[in-house]
Structures are given as structure tokens and as C-alpha cells.
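Values below: every heavy atom of this structure, side chains too, minus hydrogens, waters and symmetry copies. Residue numbering restarts at 1 for every chain, and letters A, B, ... go by the order of the sequence lines.
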Protein chains: 2
Amino acid sequence: MSLAHALLGLLADHPGTGYELRQRFEVSLRSAWYASHSQIYPELARLEARGLVEVVARGARGSKTWAVTDAGRDELRRWLVETEPNRDVRNEPGLRAFLVFLLDAADRRRVLQAELEEVRGRLASLDEIAARLDGLDRPATFAPVVDLGQRVDAVVEAWLREQLAAADEG
Amino acid sequence: MSLAHALLGLLADHPGTGYELRQRFEVSLRSAWYASHSQIYPELARLEARGLVEVVARGARGSKTWAVTDAGRDELRRWLVETEPNRDVRNEPGLRAFLVFLLDAADRRRVLQAELEEVRGRLASLDEIAARLDGLDRPATFAPVVDLGQRVDAVVEAWLREQLAAADEG
DNA sequence: GCCATCATGTAATTAGTTACATGATTAG
DNA sequence: CTAATCATGTAACTAATTACATGATGGC
């Protein structure tokens, strides 16, 4: 179960509330993992019971700021270095990339075009993020992964353009 | 739930048994979706109840060959053309790509090196698959997706080499 | 005062994993 | 004859989604 380690990693980068962690899943970690608040809150409680995270501050509205403990850092390191990654893939856009070739040319064009727009939008926001990170004094921890995202999406964009061209003439 | 549509798509390409579908999840569809037999058999039964697939042959060892019905083809098309892809991502190697930057240089090198070997192995088998598809008379339905996989993995391989070099000097 | 956002939780359901269970066929 | 592979299922458990539920704070 990787949610636990995603949370440990986010908190190892810097402490935060459950609410704020959910936002980080939506922005920085978006391309790798996602979790909703109804999964995050119970998981933080379980991690606390295992001594891997702790509440370091309580603020307004009953908010709790969580931080990773030394045991949590150990567990994160152990997981990254000593365990085999689970490579089972479940990626709906990827599945659709396969299945789109079962459609006739007109339908295929529609689906590919929509996907092209999606990827271009994502590239635009990755460019923004990269520019923002470039402006910082210290390099951000996750900056190289933004770079990887840009390169992968550039490849996907080119592929979509080619498949669209093929659907247009074919 | 995309498992249903993955099965409809595989059967739309050509009919097969549950056992054989599981193998297709492991080879052709590997980079996009995975499902175990304990998920496939009940799902085929549910799809049959909905009239989207049917048994077209019974063979040795109680095997059933399934095929997609017209209603199943309609449902597959409807899903591909008319529904928004679910873009929630849960990708453990992707998550690890983020978290690896929280490790010290020595640990990071270890993890990146292991990943580099993994990607190179995958690239080698994609090359084999591409060569095999090239030898066929008719182009295979899913050939363009193999091409996409090769391009994406090439980008990932280059990125891993760069991050390894950075960890070596840093 | 009111609306957006912050902030946290639980319950019911569905999806997916791991373990249990069985047996037929075929190649060597 | 025997081991590998083909072939199908169910049960118990864990993970994830969707829906329900509540309330505080801060800016305007």
C-alpha cells in the first residue's frame, strides 16, 4: 500500500495538515498519486498508531499539523531502497490509447483531438510550474520530476499529432 | 470502472477465454491495465448478465470462449467517445520518482540504478515486440501503442541517466 | 451577515488483492 | 507417469470511491 508512503514522503518534504496534504496530492504529486480526504484522514491516524507520524501543532478549526517521526523516515527509506516497486498499472488514459484503434476514423479523430487538447493544457501548466520553480533561490525538491513530466508529455503530444494525421488521411 | 471496458476492448479485437484474456493483460495491455483472474471471471459473468458479451464456444477443461455482442461494441464506443477519462493516477514507480529526491546521494544512486535496469529491460522487450509486429502481413491493431511505449521509455531512460550522473557528482 | 475556503471526520459501497480450491490436458 | 500449463471458480480481506455530515474562520 503506497498511500502510507506517499504521505510519509510529503510530510518528509515538510509538515502539513490533512487538508493541505490533499492539496499537495492534487498539485505537486498529481502525475504520480492521488488520494481523497476520506482516505487521507484515516491513514494519518493509522500512521500515528504505528508511530510513523505525529501531531506537531494544533491550529484554528481543530486543524492538526502532522510531521514525520524518525521511525517514519526510516520506514520511508526502507521502502524506497529495500522493496520492489509494484509495477501493476491501472491507467485509464493509457487504456483508452489502446482501445481508440478499435474505433472508426471519425470517432478516433474525435477522441485523439480531445486528448491532444488535454495534453497541451497539462504541458502549459507544467511550463508555468517549471518557470515558478526556476525563480526560487534554492532548487525545489521535486523539480527534476516536473522536468520528466514535461519530456513525457512532449512525446505524447507528438504521438497524438501523428495518429491524428494518420486518421485524417487513412 | 474501466475493467469492464478493457475486457470489451480485448474481446472486440478478438474473442478468447478468461484465461487467455488474463495473459493479454500481462503482455499487450501490460503498460495500461492489469487484472488478475479472480477479477476477470466474475466481471465476464456480470458483462454477460448485461448482454455485452456471450459465450461463443466451449472447449476442453470447461473452457469458454467469449465474444463481444453488438450491444457490447456500442457500449465500448459510447464509453470511448462520450465519457470523460478518469485521470486519477496511482502509479507506484512514478511516486518513487518523486520520493527518491528525499534520499541521500548514495541511496538515491542505488534506487535510480535499479530503475534504469528495469527500464532498459522493458525497452529491450518492446524492441522485440516491435520487430515481431513489423514482420506481420497486416499491421497489428495495437502497434502504434508499442511505438508510444518505446518513445516514453526512451525519455525515462535518458532522465534516469541524467539523475544518476547528478547524484554521482553532487 | 454571508460566502468561500479551511478543516475534519464517518458510513456504505465498489474495486482489487491474496488465499483457497479443484480438476483436465498435453508434452516429455 | 508426472510435471507444466490450461482453465475456472469462490472467500476473506484490504483499498478506494462516493455520499453523508458538521462546523470554524476570514475577507468583503
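For B:S38 and A:S2, each mapped to the nucleotide of DNA chain D holding its nearest heavy atom, the one lying further toward the 5' end belongs to B:S38.
Side-chain nitrogen and oxygen atoms of B:R90 include none within less than 4.0 Å of the OP1 or OP2 phosphate oxygen of C:dA15. The phosphate of C:dG9 has neither OP1 nor OP2 within less than 4.0 Å of any side-chain N or O from A:Y41. Regarding contacts with the backbone of C:dG9, every side-chain N or O of A:R22 stays at 4.0 angstrom or more from both OP1 and OP2.
The B:S36 side chain lies nearest to C:dT17 when the options are D:dT8, C:dT17, C:dT8. The nucleotide whose nearest atom lies closest to any side-chain atom of A:R61 is, among C:dC6, C:dT17, D:dG9, C:dC6. Considering only the side chain of A:L3, D:dA16 comes nearest among D:dT17, D:dG9, D:dA16. For B:Y19, taking side-chain heavy atoms from C-beta onward, the closest of the listed nucleotides C:dT17, D:dA7, D:dA15 is D:dA7. Of the candidate nucleotides C:dG9, C:dG16, C:dT17, C:dG9 has the atom lying nearest to any side-chain atom of A:K64. Residue B:Y34 has its side chain nearest to C:dT17 when only D:dA16, C:dT17, D:dA7 are considered. Distance from the side chain of A:M1 is smallest for D:dA16 among the nucleotides D:dG9, C:dT10, D:dA16.
Between the CD atom of B:E43 and the P atom of C:dT17 there is a distance of 13 Å, given to the nearest Å. Rounded to whole Å, the distance from CD on A:E92 to P on C:dA15 is 12 Å. Distance CD (A:Q39) to P (C:dA7): 21 Å, rounded to an integer number of Å. Atoms CG (A:L44) and P (C:dG9) sit 9 Å apart, rounded to a whole Å. Rounded to whole Å, the distance from CG on A:D88 to C1' on C:dA15 is 14 Å. As a whole-Å value, the separation of A:R24 CZ from C:dA7 P is 13 Å. Look at CD on B:E20: it is 15 Å from C1' on D:dT8, rounded to the nearest Å. Note: NE2 (B:H37) to C1' (D:dT5) measures 14 Å, nearest angstrom.
A:R108 contributes atom CZ, which lies 9.5 Å from atom CG of A:L102 (distance to the nearest 0.5 angstrom). If you take CG on A:N86 and OH on B:Y34, they are separated by 9.5 Å, rounding to the nearest 0.5 Å.
Between A:R22 and A:E26, at least one side-chain nitrogen of the basic residue sits less than 4.0 Å from a carboxylate oxygen of the acidic one, meeting the salt-bridge criterion. The existence of a salt bridge linking A:E92 and A:R96 is confirmed by a sub-4.0 Å separation between a basic side-chain nitrogen and an acidic carboxylate oxygen.
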Inset, instruction - Check the pair A:R161, A:E157 against salt bridge (Lys or Arg N to Asp or Glu O under 4.0 Å), reporting the backbone distance first and the verdict last. - result: CA-CA 6 Å; A:R161 272 192 283 106; A:E157 202 246 359; 3.2 Å; yes
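Among the heavy atoms of the strands lying under 4.0 Å from B:Q23 are primed sugar atoms or P, OP1, OP2 only; no base atom is included.
With hydrogens and angles left out, the side chain of A:S63 and the base of C:dT8 share no donor-acceptor pair within 3.5 Å.
Taking the side chain as every heavy atom from C-beta outward, B:E54 and B:V56 approach each other to under 4.5 Å.
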